[in-house]
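Just below is one structure, and these are the notes that go with it.
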Amino acid sequence: MRYRVELVDQAGLPSDATASTLRVRAGVKTAEWSGLSALIEGEAIARLGSDAYNDTLNGRVSRPVVADPTDVLLNQVWLRWKPIKQIELTGGRQTINLDNQRWVGSVNWRQNDQTFDAARATLKPVKDLTIDYFYAWRVNRVFGSDSPQGIWRNTAIHSLRAAYPVRNLGTVSVYGLWVDVPASPAGSSQTVGVRIAGERKAGGKLSVLYAAEYARQQEHGANLARFGLDYWLVEPGVKYGPVTVKGGYESLAGNGVVAVQTPLATLHAFNGWADKFLTTPANGLRDIYFDASYKVPGKGPLVGTTLRVAWHDFASTRLGIAYGQEWDALVSYPVGKHFVLTAKLARYDASAFATDTTKAWFQLEAKF
């Protein structure tokens, strides 16, 4: 169960948004029998109180969007077969999260997950090597089944990924993603890339963190544009006991007409929590960021509490247009084994893209 209050103040709109919503999710997963297992999971999203926000369906366009419409739906239902330990086959409606979810993710921050009607195969032909392939013919998006954009039908989405941990280097992932979505031609593309991520001890409690990624995206399927654009990520960091500090440079290129797009990603996790860049601007996006977190160690009433702060500077990759800056902050406090209290804040200050926006969240989550 997850109860959340989301508050949004967005310049350019006459009214603010206040969304009070509750998600209840329950399911059953079987044990394995002759390598077979299954899962069925349903969820309900309910509004508690007034509808003083734009849920994308209620027509309240004078208020900011909070994309958590009420719904009752089948979230996941799949059958899995593991004939031997090196092979795992899954078919049905399922969540899929690859690497850091930059290209494919379940968007767990919203009350309704993004799920895929898909067939998936995971192979481990030799020690430490993982090969993952899936084909998805339908995408069940966070907007819900009643939204015109809530379901992408008749899709042809192929993903192939191989990952291998290299000693003294980190995990190397090589991937290809072919997205053909008739309902969203601009989101159809083919992307091929490589990612390296790892952590190395530097003595005592100090560790060095690093991630680097490059991808090339081109048109595919329903997309009538012609382009070839680059994606870059460099993210160094350090970890000292309970403190983690990272810096980063992320670039999604644009040519003034089209830009690198990641429509299947867990987008809230990237480019600021104010969600101003869910669609990459045509001139591209360059995000220079700083992220620091602290998790209270040891014993005592505050053990496990997480404090986090992040800062972003946004600009275009083409013409160097200053888009704006953003500050984000979070406090998360576990209450026993089953409950977590969370408060988040995002403040986007616009320069040449979108408008000033402040968002705040207060949330209680229970898991059993």
Side-chain angles (χ1 to χ4, degrees), residues 2-25 43-73 75 105-115 139-152 181 183-184 186-187 261-282 285 312 314 323-324 326-328 330 342-350 352-365:
R2 184 164 72 185
Y3 172 69
R4 176 190 293 156
V5 176
E6 181 167 341
L7 310 173
V8 186
D9 178 0
Q10 183 174 322
L13 292 176
S15 303
D16 296 341
T18 301
S20 172
T21 58
L22 173 68
R23 182 188 75 188
V24 178
R25 180 181 293 166
E43 69 178 13
I45 299 112
R47 184 186 71 248
L48 304 182
S50 69
D51 59 347
Y53 61 101
N54 179 4
D55 69 359
T56 73
L57 294 173
N58 60 8
R60 300 210 175 251
V61 294
S62 64
R63 297 181 183 273
V65 170
V66 178
D68 290 323
T70 60
D71 207 348
V72 177
L73 67 154
N75 195 52
S106 60
V107 199
N108 186 51
W109 173 247
R110 297 263 52 104
Q111 298 286 49
N112 178 27
D113 273 348
Q114 175 172 269
T115 62
V139 182
N140 308 288
R141 307 179 72 215
V142 299
F143 305 104
S145 55
D146 293 331
S147 169
Q149 286 295 313
I151 299 174
W152 282 345
V181 181
S184 179
Q261 302 294 343
T262 62
L264 303 180
T266 298
L267 290 166
H268 182 75
F270 302 90
N271 311 131
W273 297 338
D275 289 338
K276 309 308 290 186
F277 298 97
L278 301 181
T279 299
T280 310
L285 173 63
H312 297 262
F314 303 110
Y323 287 154
E326 179 171 328
W327 281 99
D328 298 322
L330 173 146
T342 302
K344 286 176 64 171
L345 178 68
R347 171 62 187 178
Y348 175 75
D349 293 313
F353 183 83
T355 58
D356 294 349
T357 300
T358 302
K359 295 187 178 184
W361 301 267
F362 303 94
Q363 176 178 292
L364 172 63
E365 187 166 22

> N108: what forms a side chain to side chain donor-acceptor pair (under 3.5 Å) with it, not counting sequence neighbours?
Replying inline: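 For N108 there are no side chain to side chain donor-acceptor pair (under 3.5 Å) partners, ignoring immediate neighbours.
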
> Residues two or more places apart in sequence or in another chain: which of them pass side chain to side chain donor-acceptor pair (under 3.5 Å) with Q111?
Replying inline: R2, T21

>> Assess the residue pair F314 and L285 against the criterion (side chain to side chain contact (heavy atoms under 4.5 Å, CB included)); give the C-alpha distance rounded to whole Å, side-chain angles, the decisive distance to 0.1 Å, and a yes or no.
In response: CA-CA 7 Å; F314 303 110; L285 173 63; 3.9 Å; yes

>> Looking only at the side chains, is there a donor atom on one of H268 and D275 sitting less than 3.5 Å from an acceptor on the other?
In response: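 There is such a pair (donor and acceptor under 3.5 Å, judged by atom type) between the side chains of H268 and D275.
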
> Side chains of D113 and S106: do they bring a donor and an acceptor to under 3.5 Å?
Replying inline: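 No, no side-chain donor-acceptor contact under 3.5 Å.
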
>> Run the side chain to side chain contact (heavy atoms under 4.5 Å, CB included) test on T115 and N75 for me, step by step, so that the C-alpha distance in whole Å, both residues' side-chain angles and the decisive distance to 0.1 Å come before the verdict.
In response: CA-CA 7 Å; T115 62; N75 195 52; 3.8 Å; yes

Does [X] reach the main-chain N or O of [Y] with its side chain, forming a donor-acceptor pair under 3.5 Å?
{"X": "N271", "Y": "K276", "result": "no"}
{"X": "Q114", "Y": "G105", "result": "yes"}
{"X": "D71", "Y": "S145", "result": "yes"}
{"X": "R141", "Y": "W152", "result": "no"}
{"X": "R47", "Y": "G49", "result": "yes"}
{"X": "D55", "Y": "D68", "result": "no"}
{"X": "Q261", "Y": "T279", "result": "no"}

Minimum heavy-atom separation for [X] and [Y], please, with both atom names.
{"X": "E326", "Y": "A346", "result": "OE2-CB, 3.8 Å"}
{"X": "R347", "Y": "D349", "result": "NE-OD1, 2.8 Å"}
{"X": "L345", "Y": "W273", "result": "O-CE3, 4.0 Å"}
{"X": "G272", "Y": "D328", "result": "CA-OD2, 3.6 Å"}
{"X": "R63", "Y": "Y53", "result": "CD-N, 3.6 Å"}

> Is any side-chain heavy atom of T262 closer than 4.5 Å to a side-chain heavy atom of L267?
Replying inline: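 The answer is yes, as the side chains (C-beta and beyond) meet within the 4.5 Å cut-off.
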
>> Is the distance from the ring center of F353 to that of Y323 below 6.0 Å?
In response: yes

> Do E365 and R4 meet the salt-bridge criterion of a basic N to acidic O distance under 4.0 Å?
Replying inline: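 Salt bridge: no.
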
>> Which label fits Y348 and F277: parallel for a plane angle under 30°, tilted from 30 to 60°, or perpendicular past 60°?
In response: perpendicular

Calculate, to the nearest 0.5 Å, the distance between atoms [atom1] and [atom2] belonging to [X] and [Y] respectively.
{"X": "W327", "Y": "H312", "atom1": "CH2", "atom2": "NE2", "answer": "10.0 Å"}
{"X": "T70", "Y": "L48", "atom1": "OG1", "atom2": "CG", "answer": "11.0 Å"}
{"X": "N54", "Y": "R60", "atom1": "CG", "atom2": "CZ", "answer": "10.0 Å"}

Can you give the donor-acceptor pairs under 3.5 Å from side chains of residues 6-19 to other protein atoms, not counting sequence neighbours?
unit_1, atom_1, unit_2, atom_2, d
E6, OE1, R110, NH2, 2.9
E6, OE1, W361, NE1, 3.0
E6, OE2, W361, NE1, 3.3

> Would L73 and N112 satisfy side chain to side chain contact (heavy atoms under 4.5 Å, CB included), going step by step from the backbone distance to the final call?
Replying inline: CA-CA 9 Å; L73 67 154; N112 178 27; 3.6 Å; yes

